[in-house]
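Since the structure comes first, as structure tokens, the remarks are kept for the end.
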Amino acid sequence: MSTLATIAFDIETTGFSTTDQLTVVGFDAEIGSRVFLNTDGSTCASDIEQHVNDHLTTPVTLSVHDDEDALLDAVKTFVDATIAQRDVKLVAYNGETWKGGFDLPFLRTRLSHHGREWPFAELPYIDVMEIFSSRFNTTENSLTGVYDELVASGHSTVDPFEESSEAVDAWKTGDFKAVVLHNIADIRRTRALMDVAERYCSKSDFSMKSLEPVMSGR
């Protein structure tokens, strides 16, 4: 496991129901972040990537898409061309645990809605939340809470929101920069926590699973 670099993953959505949609999908690696924004046809500043990077020390590459379908296409192309070709593991915080999780189940639902292929067939996956629930003595269990207790190195200052629910209202009002910055803060907090876990926990403490579906490629 130690030979696999971490790619942190997180999504933003308009809500929790099956009819809600993805607004942002983000990935973070050591060299920088790759983020996909769905504006649902709304006008977005042409220099939004520059304005986002003004708040960051490590760069982000941002692409803007008119709808969720185009965003999913772009994510699949990126994963196939970039992530799937490397020795990496996908890591999320409450993305998918043995009890449930949010990000991967929501993504499956939206992919099914659009009839799209699963993008992560080649990737092993770890949910870092499970490590901190069982192997660290934290008083918090949310991504932000655990990060602030154990790391607090600055990624939280990038986040314009106190609560993740604020990202829904911001997206609806067209404050796309704020939503993107929130996503970047989350993916970078996730990767930072995975670094902490790998420094202090044994390989046997991690539960790694394959994300390859039964009918992959059919």
Should R108 and E96 be marked as a salt bridge (Lys or Arg N to Asp or Glu O under 4.0 Å) after you check the CA-CA gap, both sets of side-chain angles, and the distance that decides it? CA-CA 11 Å; R108 287 190 184 94; E96 181 161 278; 2.5 Å; yes

Distance-only side-chain donor-acceptor flag, N38 / E68, under 3.5 Å: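 No, E68 and N38 have no side-chain donor paired with an acceptor closer than 3.5 Å.
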
Between R34 and S63, is there a side-chain donor-acceptor contact under 3.5 Å, judged purely by atom types and distance?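 Present: a donor and an acceptor within the cut-off.
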
Is any side-chain N of the basic residue among [X] and [Y] closer than 4.0 Å to the acidic one's carboxylate O?
X	Y	answer
D195	R199	no
K89	E198	yes
D127	K209	no

Tell me if the centroids of the rings in F120 and F9 come within less than 6.0 Å of each other.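 Yes.
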
Kindly determine whether F106 and F16 satisfy ring-ring contact (aromatic ring centres under 6.0 Å, His included), including the steps that lead there. CA-CA 8 Å; F106 191 97; F16 300 97; 8.0 Å; no

In sequence, state the C-alpha distance, the side-chain angles, and the governing distance for Y93 and Y147, and then conclude on ring-ring contact (aromatic ring centres under 6.0 Å, His included). CA-CA 11 Å; Y93 193 97; Y147 176 85; over 10 Å; no

Without swapping roles, check the side chain of N183 against the backbone of D10 for a donor-acceptor pair under 3.5 Å.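 Yes; judged by distance alone, with no hydrogens or angles, the pair exists.
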
Distance-minimising heavy-atom pair for G101 and T97: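 Closest approach of G101 to T97, heavy atoms only: N-OG1, 4.0 Å.
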
Report yes if some heavy atom in the side chain of R189 is under 4.5 Å from a heavy atom in the side chain of D159; otherwise report no.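 Yes, side chains in contact.
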
